[in-house]
Amino acid sequence: MEKVITIERHILEQQKQHPSATGVLTSILYDIALAGKVIARETTRAALADILGLTGRFNVQGEEVAKLDQYANAAIVRLNQYTGRLAVMASEEIAEIIPIPDEFPTGRYVLVFDPLDGSSNIDYSVSIGTIFSILRRKSPDGTRGTLEDCLQPGREIVAAGYILYGPSTMMIYSAGHGVHGFTLDQTVGEFLLTHPNIRIPAKPKYYSVNQGYERYWAPEIQAYTRELQARDLSLRYIGSLVADFHRNLLSGGIFYYPADTRDPKTPHGKLRLLYEAAPLAFLAEQAGGAASDGTQPILDIQPTKLHQRTPLFIGNRELVELAEGFIRHERP
Ligand code: AHM
Ligand code: MG
């Protein structure tokens, strides 16, 4: 029989490659896996919970029914704020940084996350996900973490990953030694290693973009899209970044969300640098791929605001570089 490796065992084995590691990062990753299991359970029950909550949006315990994205946010905060491992957190759902409450000790790491990405798909039973990255604090140990702790370029990421809530629940992570994928076995409640050492296949299969907005794109992005079609790539777009990224990670391809002229929110694209682009860029590079804003690697961008948006081109390195070439007006 094949060896069965739980995520806990895997993270511990990875830690052994670093004799100086204290195990704190290992514990944070495990806490995130636990939050993922809690969110997965709630995602599965969401429609039912809503029926129960229809009369005045209260559930059977008399508690107000939280929207799923707020629930996911609260679950991650609750499971991570008391452990003494984190200095501060930041979430796509919350306008400001999330301090560790005064009654709890602080730690050396920073957790930045999008609790439930793909929220427009929640009501339709379409795959959604949690994205996270872990960084080292910049502020002195023993103090409350600061905004500057959260505003670090992706190159400083120590570990990142996502949990995908689809037909199966999967957790994909990298702590800087390749990308590894785990599938939740509901019967035993454990994430088991199913996808060790993921590498983006050299031959891409898909391109993923919301082509409904094509008329709002710059001409070079339109031309790039024609080039991808000329290469016979197949179009797949779910509208949940985690799910689109995950498919292209396993099958090869490119996801892009360019800047557009549609509304005042999107001159810099729609996706958030800290919560979405940077963690997935870390995974893409670890899997042999690349991620760019069209002019520079996503991981090199120094964030200036928590909720900063960025154009994103992510997937096979060759296709990311091709997009950069089109943006520089160099056609192949
Ligand atoms: P969200 O964080 O509010 O869910 O928005 C991010 C999502 C991504 O998952 C997805 O790639 C993108 O928005 C889809 O946007 P659009 O509907 O404009 O194509
Ligand atoms: Mg999101």
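None of these values were measured; they are calculated from a predicted model. Whatever order the structure lists them in is the order used to number ligands and atoms, beginning at 1. We count residues from 1, following the sequence as given.
Taking all atoms of both residues into account, the shortest heavy-atom contact from T304 to L151 is O-CD1, 3.6 Å.
Counting atoms of ligand 1 from 1 in the listed order, those under 4.0 Å from a heavy atom of N210 are 16 (P), 18 (O), 19 (O). Those atoms of ligand 1 with a heavy atom of Y213 less than 4.0 angstrom away are 18 (O). Less than 4.0 angstrom separates some heavy atom of D114 from each of these atoms of ligand 1: 2 (O). Taking every heavy atom of S240 and a limit of under 4.0 angstrom, the matching atoms of ligand 1 come to 9 (O). Close approach of ligand 1 to G118 is summarised as follows: ligand atoms under 4.0 Å from at least one heavy atom of the residue are 4 (O), 9 (O). Those atoms of ligand 1 that come under 4.0 Å of a heavy atom in E276, given as number and element, are 2 (O), 6 (C). Which parts of ligand 1 touch K270 is read off a 4.0 Å heavy-atom cut-off, strictly below it: atoms 5 (O), 7 (C), 12 (C), 13 (O), 14 (C), 15 (O), 16 (P), 17 (O), 18 (O).
A distance-only check finds no donor-acceptor pair linking the side chain of T310 to the backbone of L312 [under 3.5 Å]. Put simply, the side chain of S251 never gets that close to the backbone of N248: no donor and acceptor are under 3.5 Å apart. At distances below 3.5 Å, at least one donor-acceptor pair connects side-chain atoms of K37 with backbone N or O atoms of G189.
With ring centers used as reference points, H246 lies under 6.0 Å from Y162. For H180 and H10, the ring centers sit closer than 6.0 Å to each other. Under the 6.0 Å cut-off for aromatic ring centres, Y224 and Y256 qualify, their centroids lying closer than that.
By the criterion of a heavy-atom distance under 4.0 Å, neither the backbone nor the side chain of V242 is placed next to ligand 1. With a heavy-atom cut-off of 4.0 Å, F255 touches ligand 1 through its side chain alone. If you look at L241 next to ligand 1, the close heavy atoms, those under 4.0 Å, come from the backbone and the side chain alike.
Looking only at N/O/S atoms, D114 comes nearest to the Mg ion (ligand 2) through OD2. When the Mg ion (ligand 2) is compared with the N/O/S atoms of D117, atom OD1 turns out nearest.
Looking only at heavy atoms of the protein, atom 2 (O) of ligand 1 is closest to E92 OE2, 2.9 Å. Residue, atom and distance of the protein heavy atom nearest to atom 14 (C) of ligand 1 are Y237 OH, 3.2 Å. Scanning all protein heavy atoms for the shortest distance to atom 1 (P) of ligand 1 gives S119 OG, 3.7 Å. Taking atom 10 (C) of ligand 1 as the reference point, the nearest protein heavy-atom neighbour is G239 O, 3.3 Å. Protein heavy atom in closest approach to atom 18 (O) of ligand 1: Y257 OH, 2.6 Å.
By the 4.0 Å heavy-atom criterion, Y275 is excluded from the residues contacting ligand 1.
Side chains of Y207 and Q229: a donor-acceptor N/O pair is present below 3.5 angstrom, by distance only. Counting only N and O atoms by type, the side chains of N121 and S240 include a donor and acceptor under 3.5 Å apart. Side-chain contact of R137 with T146: a donor-acceptor pair under 3.5 Å is absent, judged by distance alone.
Rounded to 10°, the angle that OE1 of E92 and OE2 of E276 form at the Mg ion (ligand 2) is 80°.
With Y109 as the aromatic partner, R85 does not meet the cation-pi criteria of under 6.0 angstrom to the ring centre and within 45 degrees of the ring axis.
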Applying salt bridge (Lys or Arg N to Asp or Glu O under 4.0 Å) to D102 and R144, what does each step give before you reach the verdict? CA-CA 8 Å; D102 284 343; R144 303 285 124 188; 3.8 Å; yes
